[in-house]
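In what follows, a single structure is set out as structure tokens and then discussed.
Values below: every heavy atom of this structure, side chains too, minus hydrogens, waters and symmetry copies.
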Amino acid sequence: MLSWPFKLLWAVILSVLMSSVYAAPGSWSAQIPGLMVAMSDRASASQPVGPPEAANVQTGQLGRVQWQFQHPAGAQLNAWLCHPEQCVALTSMRGSTTALAGRTAAAPLHFRFALRPGQRPVRVQGLQMIVNYQ
């Protein structure tokens with residue numbers, strides 16, 4: 001039979017191991033099909049993407065999200081990265097944000113785009129995101 005110091009040590013080790021199973025950090029990435037953005041008064045949304053089943057994010061929370069997209073030179077768009085609970089304005093075609101940190105990592109994310117007034121329709125492509133969670 002183990003003495004109490006060893007039982008305490010074993011309990012601490014098990015606690016740490018179990019918490020790392022449920023709060024293990026990770027990441028997933030997605031490439032999203034391009035889309036045509038044709039209006040300034042109504043945003044166009046990309047296909048939503050969520051974590052792969054292997055990511056095991058049911059109780060996880062978002063951390064940093066990196067994004068990338070491309071559009072023709074000179075095109076002026078408003079862009080957002082969206083979670084079902086919040087959208088974040090994007091200021092460039094590439095970057096990262098922690099503005100969605102703490103939101104559930106199991107929810108799908110998507111991009112939204114709208115033309116600025118007076119712009120011609122634009123094809124947005126090369127949509128990618130890398131999602132870090134814990």
Side-chain angles (χ1 to χ4, degrees):
M1 182 179 264
L2 296 174
S3 65
W4 74 268
F6 289 111
K7 288 181 184 179
L8 178 61
L9 177 61
W10 184 247
V12 169
I13 291 171
L14 281 177
S15 174
V16 168
L17 289 174
M18 292 305 288
S19 67
S20 68
V21 167
Y22 292 106
S27 66
W28 58 272
S29 64
Q31 294 187 354
I32 303 160
L35 67 150
M36 184 63 73
V37 181
M39 294 186 247
S40 61
D41 60 340
R42 189 179 323 161
S44 299
S46 72
Q47 291 182 352
V49 293
E53 289 183 28
N56 193 21
V57 300
Q58 290 77 14
T59 61
Q61 295 181 337
L62 292 176
R64 179 174 303 277
V65 180
Q66 296 170 274
W67 76 85
Q68 175 175 297
F69 60 88
Q70 300 166 353
H71 59 67
Q76 294 183 1
L77 295 173
N78 293 319
W80 300 268
L81 177 63
C82 297
H83 180 276
E85 298 172 7
Q86 176 185 358
C87 287
V88 175
L90 305 179
T91 58
S92 65
M93 291 191 285
R94 174 182 293 218
S96 68
T97 183
T98 57
L100 298 173
R103 304 282 184 197
T104 178
L109 301 173
H110 69 276
F111 289 98
R112 288 180 50 207
F113 300 97
L115 295 175
R116 293 192 184 155
Q119 293 290 302
R120 299 179 62 88
V122 171
R123 178 133 185 94
V124 180
Q125 53 194 6
L127 289 84
Q128 298 177 337
M129 65 177 75
I130 300 172
V131 179
N132 295 293
Y133 63 90
Q134 55 184 1

Indicate if [X] and [Y] have the same hydrophobic cluster label, given that clusters are the connected sets of ILVMFWY residues with side-chain heavy-atom separations under 4.5 angstrom.
{"X": "Met39", "Y": "Val37", "result": "no"}
{"X": "Trp80", "Y": "Val65", "result": "no"}
{"X": "Ile130", "Y": "Ile32", "result": "no"}

**OP:** Starting from the C-alpha separation in whole Å, work towards a yes-or-no answer on side chain to side chain contact (heavy atoms under 4.5 Å, CB included) for Trp28 and Val49.
**Re:** CA-CA 11 Å; Trp28 58 272; Val49 293; 4.1 Å; yes

Return the [atom1] to [atom2] distance between [X] and [Y], rounded to the nearest 0.5 Å.
{"X": "Ser27", "Y": "Gln66", "atom1": "OG", "atom2": "CD", "result": "9.0 Å"}
{"X": "Cys82", "Y": "Phe111", "atom1": "SG", "atom2": "CZ", "result": "9.5 Å"}
{"X": "Gln125", "Y": "Met36", "atom1": "CD", "atom2": "CE", "result": "9.5 Å"}
{"X": "Arg123", "Y": "Gln70", "atom1": "CZ", "atom2": "CD", "result": "12.0 Å"}
{"X": "Thr59", "Y": "Tyr133", "atom1": "OG1", "atom2": "OH", "result": "10.0 Å"}

So [Y] and [X], do their side chains get closer than 4.5 Å, heavy atoms only?
{"X": "Phe113", "Y": "Leu127", "value": "yes"}
{"X": "Gln76", "Y": "Val122", "value": "no"}
{"X": "Pro33", "Y": "Gln47", "value": "yes"}

Nearest non-hydrogen partners of [X] and [Y], listed with the distance:
{"X": "Ala114", "Y": "Ala43", "value": "CB-CA, 4.1 Å"}
{"X": "Pro51", "Y": "Ala106", "value": "CD-O, 3.9 Å"}
{"X": "Val57", "Y": "Ala105", "value": "CG2-O, 3.6 Å"}

Subject >> Gln86: side-chain hydrogen bond (donor to acceptor under 3.5 Å, both in side chains) partners, not counting sequence neighbours >> reply: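 side-chain hydrogen bond (donor to acceptor under 3.5 Å, both in side chains) list for Gln86, sorted by chain: Arg103.
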
**OP:** Take Asn78 and Arg112, measure what side chain to side chain contact (heavy atoms under 4.5 Å, CB included) needs, and give me the verdict at the end.
**Re:** CA-CA 8 Å; Asn78 293 319; Arg112 288 180 50 207; over 6 Å; no

Subject >> Side-chain donor or acceptor of His83 paired with backbone N/O of Thr104 under 3.5 Å >> reply: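 Answer holds: yes.
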
Original post:
Checking Trp67 side chain against Ser92 main chain: does a donor-acceptor pair fall under 3.5 Å?
Top reply: yes

**OP:** Given side chain to side chain contact (heavy atoms under 4.5 Å, CB included), test Leu77 with Leu115 step by step and report yes or no.
**Re:** CA-CA 5 Å; Leu77 295 173; Leu115 295 175; 3.4 Å; yes

**OP:** Any chance you could lay out the side chain to side chain contact (heavy atoms under 4.5 Å, CB included) test for Leu100 and Val131, step after step, and finish with the verdict?
**Re:** CA-CA 10 Å; Leu100 298 173; Val131 179; over 6 Å; no

Original post:
Got a sec: does the CD of Glu85 have more than 12 other heavy atoms crowding it under 6.0 Å?
Top reply: yes

Subject >> Arg120, CZ atom: more than 12 neighbouring heavy atoms under 6.0 Å >> reply: no

**OP:** For Arg94, enumerate each residue passing the side chain to side chain contact (heavy atoms under 4.5 Å, CB included) test, keeping only those at least two apart in sequence or located in another chain.
**Re:**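 Listed in chain order: Gln68.
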
